[in-house]
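Data block below; observations after.
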Amino acid sequence: QEWRSPLEAYISARDLNVENPPTSFIVKTIHEERLLGPYPKNIYLGCFYDFSTAKDEHSDEQTRQLFEDFVNASAISDLEEEEEEALDKLAYTWIETPNTYSVRQNLHTCQVLVRDEWERNTTTSSVQHLYKVLVTHVNGNDERLVKHVPRKSIVFLDRPYTSEQHLPNAFRHEIGIP
């Protein structure tokens, strides 16, 4: 008999990352999640961002207030022009460093606010999407608005205790001690 997930809608973060490679899959913004439906409850987004690359200091209070205004707007078009400019001014620029893709140091939770298109290659007409995201440091004490985040630095992650090993009907085998 073949094992089947008791949760029909269950999909692991690993499967989402494999099925939706950065070169072809567009990540939903928080407004699109509201309109088109959110990702499964067991999934959240993680962004690779090196907090040590920041050049300027911005107020966390300003960042939080602007983010709340953004979330409360029903669409990007509802934002006033000044708020969009402020969002851009407060945002740090994503910079790739040798340690950027270190899971231990630089993988943090994030929320995608805006997706921008950037023409990468005129001969092939391929488009790379860059994102504005709110990144929350692993320790939870620091939040940053970050712009120009490439798709390759955004990954799907399993929420704690929701991976396949925690499913109610997961196959487990007793480990015998001789």
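Side chains are part of it too, since the values below use all heavy atoms of this structure and drop only hydrogens, waters and symmetry mates. Residue numbers run from 1 in the order of the sequence given. Not measured: the values here are computed from a predicted model.
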Heavy-atom check, side chain of P150 versus side chain of L130, under 4.5 Å: yes

All side chain to side chain contact (heavy atoms under 4.5 Å, CB included) counterparts of E96, not counting sequence neighbours: W94, T100, Y101, K152

Closest approach of V27 to R151 (non-hydrogen atoms, all atoms of both residues): CG2-NE, 3.3 Å

Shortest non-hydrogen separation from D158 to A13 and the atoms involved: OD1-N, 3.1 Å

Spacing of CG belonging to L16 relative to CZ belonging to F25, to within rounding of 0.5 Å: 7.0 Å

Any F156 side-chain heavy atom under 4.5 Å of V18 side chain: no

side-chain hydrogen bond (donor to acceptor under 3.5 Å, both in side chains) partners for D50, two or more places apart: S52, T97

With sequence neighbours excluded, residues passing side chain to side chain contact (heavy atoms under 4.5 Å, CB included) with H137: F51, H108, N139, D142

Pairwise side-chain contact, K28 with V112, heavy-atom cut-off 4.5 Å (strictly under): no

Nearest heavy atoms of G46 and C110, plus distance in Å: C-SG, 3.6 Å

D116 vs K132, side-chain contact (heavy atoms from CB on, under 4.5 Å): CA-CA, chis, key distance, verdict: CA-CA 8 Å; D116 297 316; K132 262 187 203 114; 4.2 Å; yes

Flag side-chain contact, heavy atom, 4.5 Å: Y131 against V146: no

For L157, all residues meeting side chain to side chain contact (heavy atoms under 4.5 Å, CB included), sequence neighbours excluded: Y44, L107, V155

Rounded distance (nearest 0.5 Å) linking atom CZ of R159 with atom OG1 of T109: 9.0 Å

Criterion side-chain contact (heavy atoms from CB on, under 4.5 Å) on L134 and I30, from CA distance to verdict: CA-CA 11 Å; L134 180 71; I30 56 175; over 6 Å; no

pair L45-V133: side-chain heavy atoms closer than 4.5 Å: no

Pairing residues for Q105 by the side chain to side chain contact (heavy atoms under 4.5 Å, CB included) criterion, not counting sequence neighbours: N99, S102

Point-to-point distance, once rounded to the nearest 0.5 Å, from CD1 of I154 to CD of Q111: 12.0 Å

Spatial distance of atom CD (E143) from atom OG1 (T136) [nearest 0.5 Å]: 4.0 Å

